[in-house]
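Written out below as structure tokens is the structure these notes cover.
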Amino acid sequence: MVGAHPKWGYVDQPPFTPLLVNLCTQVFGDTVWAIRIPGVLFIAAASILLAFVAREIGGGALAQSLAAAGVWTTFPLTAGHITITAAPDLVMWLLVILCLMRALLRERPRYYLLAGLFAGLALYNKHLVILLLLTFAAGLLVVGPRKVLLSKWLWAGAGIAVVVGLPNLLYQIANDFPQISMAGALAKNKGDDARITLVPLQLLWLGPLFVPVWIAGIVTLLRRTELRPVRAFAIAYPLMIVVLFVIAGQPYYSFGLLAALFAIGAVPTVRWLRESRARRGLLLAAVVVNCGVAVLSSLPVLPITVIAKTPIPSVNIGIADEIGWPQYVAQVKAVYDALPAEDKAHAVLFAGNYGEAGALDRYGKPQGLPDVYSGQNELWYLGPPPESATVVVWVTEGDGPLHQTYFGSCETKAALDNGYGVDNEEQTARVYVCRDRKLTWAELWPKAQHFD
């Protein structure tokens with residue numbers, strides 16, 4: 001049954017974001033607005049941190065403002081709006097980067113201790129901060145200052161990161177490293193797409209009009225003498241892209257460092273603009289257009305009735321996937337309501353993914369729908385239905401092997417339709433009624449597990 005309990009980690013992610021969302025719903029009520037609160041706060045924090053990064057290399061008020069505008073772009077607005085792990089991860093990466101910059105540029109090595117603390121805390125949200133630290137260390141080896149790698153303060157910071165993140169690491173060890181299993185599944189299922197879109201999406205995350213700014217950030221790090229202590233960040237970024245290509249990592253994994261490079265690039269960009277009023281007007285227009293497009297494509301500001309007539313669903317699947325859940329649940333309920341009374345007494349719902357499972361639990365339970373089960377990711381670990389469940393109302397996007405192989409009959413009863421013509425994942429889903437299970441649920445459950 002849907003409803004994961006708080007724990008040190010889950011197969012698809014560490015515990016921080018789920019626990020935070022749960023806390024907000026407990027405090028502010030089980031509403032959409034409660035879920036949005038953390039994302040808003042994280043994006044606001046990221047905006048401030050980007051301004052601090054620009055200030056760290058001498059940027060004034062205008063450069064800091066331009067740097068802060070980096071969050072008013074497609075990816076961070078999307079991440080904040082739907083409160084996914086990428087929003088707090090962006091904040092944690094920027095905190096680590098800012099501490100490393102202060103340690104190196106101000107020659108205050110105690111900041112390595114803070115960097116280690118933030119890195120350790122970041123492990124409770126995602127493990128990607130390890131990618132940042134490894135590529136930055138590689139950058140230090142390539143362009144220096146290499147003596148930093150011998151600093152007792154840096155290694156003390158690394159020790160703090162390990163100690164702070166140890167419970168999360170122990171959870172991974174005790175559970176056979178589920179994050180590695182999850183990463184392998186993502187690489188298998190989405191790896192080809194990830195490699196194809198890796199470079200193009202680097203040009204789109206902040207918007208095409210902002211690409212010259214973050215490129216200026218890389219060039220500035222490599223050319224300005226006073227920034228030599230932190231030019232390893234300029235090397236870390238291309239190294240990170242190479243690593244992501246090799247491991248078939250998702251394109252957005254690099255965004256935290258990309259945003260920091262944008263903030264650094266804001267400083268020379270503003271200096272360039274001061275030479276001409278026309279250039280300042282050009283920048284203002286670029287910011288307005290870039291942010292306007294990001295708001296339209298990342299936030300639900302357009303009426304649902306017109307979304308299908310725009311390119312937004314193909315650009316941002318997050319917007320498309322927000323549409324239609326009450327309608328989908330109503331269509332599943334109609335199938336359940338049509339069952340004979342004796343079938344209803346022994347029926348459960350089975351969902352192909354956690355989105356379907358969550359919607360059926362959230363909207364369906366108050367309407368009298370039975371318990372919901374799923375084999376995807378962490379939901380599989382909640383266990384199978386009871387052996388008394390002999391009828392399954394099955395919702396899936398394709399012809400899943402279970403209901404084709406392990407039931408005597410599975411009849412198609414409905415095709416989900418959100419009613420707005422928006423092409424999202426559930427628009428291809430079908431609702432089946434399956435009977436005559438051939439195995440016990442205990443025997444069948446291992447075959448239901450899937451990571452993606």
Side-chain angles (χ1 to χ4, degrees), residues 1-19 21-22 84-85 125-127 168 170-191 250 321 325 328-329 332 346-365 369-407 410 425-426 428-434 437-452:
M1 185 173 70
V2 172
H5 301 291
K7 51 196 292 191
W8 281 109
Y10 306 94
V11 67
D12 48 350
Q13 62 189 322
F16 178 75
T17 298
L19 291 177
V21 171
N22 180 265
I84 57 176
T85 52
N125 181 65
K126 288 182 83 70
H127 296 152
N168 189 277
L170 293 177
Y171 168 84
Q172 292 295 316
I173 295 173
N175 291 274
D176 297 325
F177 295 95
Q179 289 281 280
I180 294 178
S181 299
M182 188 69 195
L186 286 175
K188 180 180 179 180
N189 297 334
K190 300 180 179 180
Q250 296 303 300
D321 282 345
W325 291 111
Y328 295 146
V329 172
V332 174
H346 300 283
V348 293
L349 304 181
F350 195 96
N353 61 51
Y354 55 78
E356 295 159 358
L360 289 168
D361 185 71
R362 177 68 175 82
Y363 296 113
K365 293 299 287 293
L369 287 180
D371 290 338
V372 188
Y373 298 84
S374 178
Q376 187 184 25
N377 299 350
E378 185 67 24
L379 296 182
W380 182 85
Y381 290 92
L382 299 180
E387 290 301 324
S388 59
T390 56
V391 177
V392 181
V393 178
W394 204 298
V395 183
T396 182
E397 307 84 67
D399 294 331
L402 292 182
H403 69 258
Q404 294 293 329
T405 306
Y406 299 108
F407 289 84
C410 279
E425 188 174 1
E426 316 319 317
T428 64
R430 300 292 182 267
V431 184
Y432 302 84
V433 173
C434 298
R437 193 178 69 244
K438 298 178 182 179
L439 301 175
T440 67
W441 277 114
E443 293 169 330
L444 191 151
W445 200 240
K447 306 176 190 302
Q449 186 179 37
H450 61 102
F451 294 153
D452 55 55

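Numbering starts at 1 and runs along the sequence shown.
- Using a 4.5 Å heavy-atom cutoff, the side chains of R430 and W394 are not in contact.
- Listed here is the closest heavy atom pair of A389 and P385: CB-CB, 4.0 Å.
- Closest approach of L19 to Y10, counting heavy atoms only: CD2-OH, 4.4 Å.
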Run the numbers on T85 and N125 for side chain to side chain donor-acceptor pair (under 3.5 Å), then give the verdict. CA-CA 6 Å; T85 52; N125 181 65; 5.1 Å; no
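- Between E378 and V11, the shortest heavy-atom distance links the atoms OE1-N, 2.8 Å.
- A salt bridge links R437 to E387: at least one charged side-chain nitrogen sits closer than 4.0 Å to a carboxylate oxygen.
- Other residues, nucleotides and ligands contribute at most 12 non-hydrogen atoms within 6.0 Å of the OH atom of Y354.
- Side-chain contact between Y432 and F407 is absent, with no heavy-atom pair separated by less than 4.5 Å.
- Put simply, the side chain of P178 reaches to within 4.5 Å of the side chain of Y171, judged on heavy atoms.
- No side-chain heavy atom of C410 sits less than 4.5 Å from a side-chain heavy atom of V392.
- Inter-residue side-chain proximity for E425 and N353 is flagged as met; some heavy-atom pair is nearer than 4.5 Å.
- Annotation: side chain of V332 is in contact with side chain of V393 (closest heavy-atom distance under 4.5 Å).
- Between T17 and I84, the closest side-chain pair of non-hydrogen atoms is not below 4.5 Å.
- A pairwise comparison of heavy atoms in S374 and A357 identifies CB-CB, 4.3 Å as the closest pair.
- For the residue pair H127 and P14, the shortest heavy atom distance occurs at NE2-CG, 3.7 Å.
- Between W445 and F350, the ring-plane angle classifies as perpendicular under the 30° and 60° cut-offs.
- Using a 4.5 Å cut-off on side-chain heavy atoms (C-beta onward), W325 and E356 make contact.
- Of all the heavy atoms in N377 and M182, the pair that sits closest is ND2-CE, 3.5 Å.
- The CD atom of Q449 lies 11.5 Å from the CG atom of L379; values are rounded to the nearest 0.5 Å.
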